[in-house]
Structure formats: C-alpha cells, structure tokens
Amino acid sequence: MTATELGLPSARGSTTRDPARPADPRLVDSFGRVATDLRISLTDRCNLRCSYCMPAEGLDWMPRTEQLTDDELVRLIGIAVRELGVHELRFTGGEPLLRRGLEEIIAASAALTPRPDISLTTNGIGLARRAGALAAAGVNRLNVSMDTLRQDRFATITRRDRLSDVLDGLAAARAAGMDPIKINTVLLRGVNDDEAAALLRFALGQGYELRFIEQMPLDAQHGWERSEMVTAGEVLQRLRADFDLTPDPTERGGAPAERWLVDGGPAVVGIIASVTRPFCGACDRTRLTADGQVRSCLFARTETDLRALLRGGAGDDQIADTWRDAMWGKLAGHGIDEPGFLQPDRPMSAIGG
C-alpha cells in the first residue's frame with residue numbers, strides 16, 4: 001500500500017531559519033500575508049462517505065496514538081493565540097463531532113486571552129443533540145455541509161441516508177443562537193447541479209447563508225477532473241435565472257467566499273471559487289492537522305511537525321519559532337493551473353476544511 005493510499009503526507013518538512021524573515025512575532029510570509037485564521041483538524045474520521053471525498057469503504061484512519069491529545073491540542077492553540085497573533089479558530093475534521101472531548105477543547109480555547117472567534121465546520125450528523133452544548137462551550141459560528149435537499153440524492157452522494165439528521169441539526173443550531181449558520185454545498189455535474197436555485201430558496205427561507213464551493217482536487221481517490229467540475233461561473237448563471245445578484249460591497253479581506261447580494265439584500269449567497277478564481281493573494285490561514293502537522297496551504301505538499309516538538313519537550317518559544325518559519329516559506333499560490341501541479345497526498349478528510 002502506498003503512502004497516498006494511507007493518507008500520509010509525502011514529506012514531513014523541517015524548517016530552516018531564513019535571515020530575510022523580519023522580526024515579527026506574527027505568522028508572516030515572504031509575500032506580505034499574515035495568517036490570523038487557524039484551521040484545526042480534530043480527526044480524519046468521518047461518518048459519511050461522500051463520493052467526491054473518499055471511497056465507499058472509507059480510509060485507513062489515523063491511529064489514536066498519532067493523534068494529538070486534548071492537552072497537546074489546547075497547548076498549540078494557546079501558542080497560536082497568545083504568541084502568533086491568531087484570532088480566528090475553525091474546528092474541522094474529518095467530522096469534528098466524532099472527536100471525544102470536543103466541547104472541552106472548545107471551552108478551553110474560548111477561555112484564552114485574547115478570546116478568539118470560534119467556528120465549527122460539520123456534516124451535521126449528531127448536531128441536533130449537541131448544538132446547545134457547543135454554543136455554551138463557545139462556538140460563535142457554524143458551517144454545515146449539505147449538497148442536496150433530496151433524500152435520494154443525499155444517500156447517493158454521501159452513501160448514507162441521513163438528510164433528516166442534517167436538517168434537524170441546522171434547526172437545533174439556530175435555536176441555540178449560533179449566528180451566522182452557513183450551508184456549504186458542492187455541486188456535482190449530472191448529480192445535483194440542477195438544485196442551485198432550490199438550495200438558495202431553502203437557505204433564504206430558513207435564515208441560513210448558502211455558500212457554493214467548487215469541487216477541489218482533494219479526494220482520496222485522486223479522481224478529480226477539472227472538466228467535470230461545476231464552476232463558479234456556471235453557478236452564477238444558474239442562480240441568475242431566478243435571482244438578481246449584485247456584488248456585496250462589504251470588504252472581502254481574506255474571506256474565501258465571494259459574496260453576492262440576493263435581490264438587493266440584505267441576504268447574501270457566497271461562492272468559493274478556489275480553482276477558477278483563486279484568492280491566494282489574500283490568504284490568511286494556517287492549518288494544523290489532527291496529528292500535529294502545520295500546513296501553510298490546503299494544497300501544500302510538505303508539512304512541519306509540531307507533535308514531535310511537543311513530545312520531545314520543546315518549550316513554547318521553540319514551537320512558536322518553528323511555526324513562524326513554516327509559514328514564512330508559504331508559496332505564492334496553490335498552483336492548480338500550473339503544468340506541474342500535484343494533488344496533495346493527504347485527502348481533505350485528513351487535512352481539514
């Protein structure tokens with residue numbers, strides 16, 4: 001079995017001090033970007049089997065011994081917030097609701113000073129019974145993945161008949177006071193690409209914010225084909241047949257979604273066009289995998305091992321310096337359009353959204 005099949009990175013990179021790096025305590029890179037948004041993968045495990053993410057049989061999951069403990073994870077989050085200028089945390093998976101102790105990890109993160117903004121990306125399975133506890137622990141904002149409103153299609157895409165659970169979870173999150181609640185949707189050609197308008201009507205009627213995401217080359221099967229991807233341009237064309245869309249004048253900053261006012265606003269719809277309209281120049285994200293590897297980009301081919309430093313007795317200052325050096329070497333862009341582009345060895349479920 002290959003490293004790719006196991007979901008392992010091609011290399012566990014080590015960083016080298018660059019004398020050109022400024023004496024800046026933040027996570028700056030050589031292109032002038034500053035990472036203030038930490039994406040934290042809590043597990044590579046998932047209870048769905050979405051066809052664009054993994055095979056029907058699932059993957060060989062990360063051994064528990066390789067996964068960061070709760071204490072290790074909270075320590076790294078604390079270093080990021082106190083020492084490196086991170087002020088946004090997004091907990092992801094795999095499916096983060098499968099992580100034991102999730103509420104305790106979130107509560108410990110919310111107790112940090114300065115208090116970071118905390119969000120969670122989930123598939124919604126199990127959310128109905130935990131939304132209140134998650135809100136109480138400190139989750140401010142929520143993203144729920146849902147690609148269709150049709151039960152049969154949901155079962156086809158995810159290989160699980162759980163649409164009702166997702167809808168119940170969305171309602172519970174709204175009742176718990178989470179705001180905003182965003183729905184993340186991937187349109188698949190010939191599968192659900194006729195539902196763009198229906199999904200937006202549903203989101204508008206329920207008070208959710210819908211975001212369409214271009215399918216990215218992050219599937220475990222490495223079967224992504226650009227020609228099969230439903231592009232941002234196609235999504236806009238389909239929506240404009242039913243809605244009046246105008247650019248949102250609000251400053252986008254480093255946000256991945258390009259937002260559009262729907263019928264004059266205030267409701268909006270977002271499109272994350274990572275492939276056809278990349279936003280790498282404004283990227284403000286740094287990523288931490290469940291096994292303690294820093295990734296400077298979703299599509300990075302190398303990683304920097306913080307778990308080894310943690311378990312080797314390194315102090316917070318050494319860990320912070322290593323993290324800074326890892327981000328200083330961040331590339332200008334993901335390179336999907338370049339002839340030599342190679343898909344990351346790790347699939348999305350092992351990297352985090």
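Scope of the values below: all heavy atoms of this structure, side chains included, with no hydrogens, waters or symmetry mates. Numbering starts at 1 and runs along the sequence shown. Computed from a predicted structure; not experimentally measured.
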If Ile, Leu, Val, Met, Phe, Trp and Tyr residues are connected whenever their side-chain heavy atoms lie under 4.5 Å apart, and connections chain through other members, are [X] and [Y] in the same group?
X    : Y    : value
V268 : I183 : no
L134 : I125 : yes
L199 : L48  : yes

Exercise: do [X] and [Y] side chains pair donor with acceptor under 3.5 Å:
X    : Y    : value
R115 : N140 : yes
Q293 : R307 : no
T69  : D71  : no
W323 : T286 : yes
R211 : N184 : yes
E214 : S274 : no

*Just one of R39, R285, R287, H334 clears the side chain to side chain contact (heavy atoms under 4.5 Å, CB included) bar with L298, so which one?*
R287

*About how many Å separate CG of N143 and CG of N123, when rounded to the nearest 0.5 Å?*
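N123 CG to N143 CG: 12.5 Å, rounded to 0.5 Å.
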
*Enter the distance from R259:CZ to R252:CZ here, rounded to the nearest 0.5 Å.*
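It is 11.0 Å, given to the nearest 0.5 Å.
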
Between [X] and [Y], does any side-chain N to carboxylate O distance fall below 4.0 Å?
X    : Y    : answer
D165 : R162 : yes
D291 : R346 : yes
R141 : E88  : yes

*Any chance you could lay out the salt bridge (Lys or Arg N to Asp or Glu O under 4.0 Å) test for R238 and D193, step after step, and finish with the verdict?*
CA-CA 9 Å; R238 291 165 191 254; D193 55 339; 3.5 Å; yes

*Considering residues, nucleotides and ligands other than R129, do more than 12 of their heavy atoms fall under 6.0 Å from its CZ?*
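12 or below, so no.
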
*asked:* Under the salt bridge (charged side-chain N to carboxylate O under 4.0 Å, His left out) definition, can you give me all pairs with a residue in residues 41-59, not counting sequence neighbours?
replied: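 Qualifying pairs, neighbours excluded: none.
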
_Could you work out, with salt bridge (charged side-chain N to carboxylate O under 4.0 Å, His left out) as the rule, every residue matching D168, not counting sequence neighbours?_
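D168 satisfies salt bridge (charged side-chain N to carboxylate O under 4.0 Å, His left out) with no other residue.
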
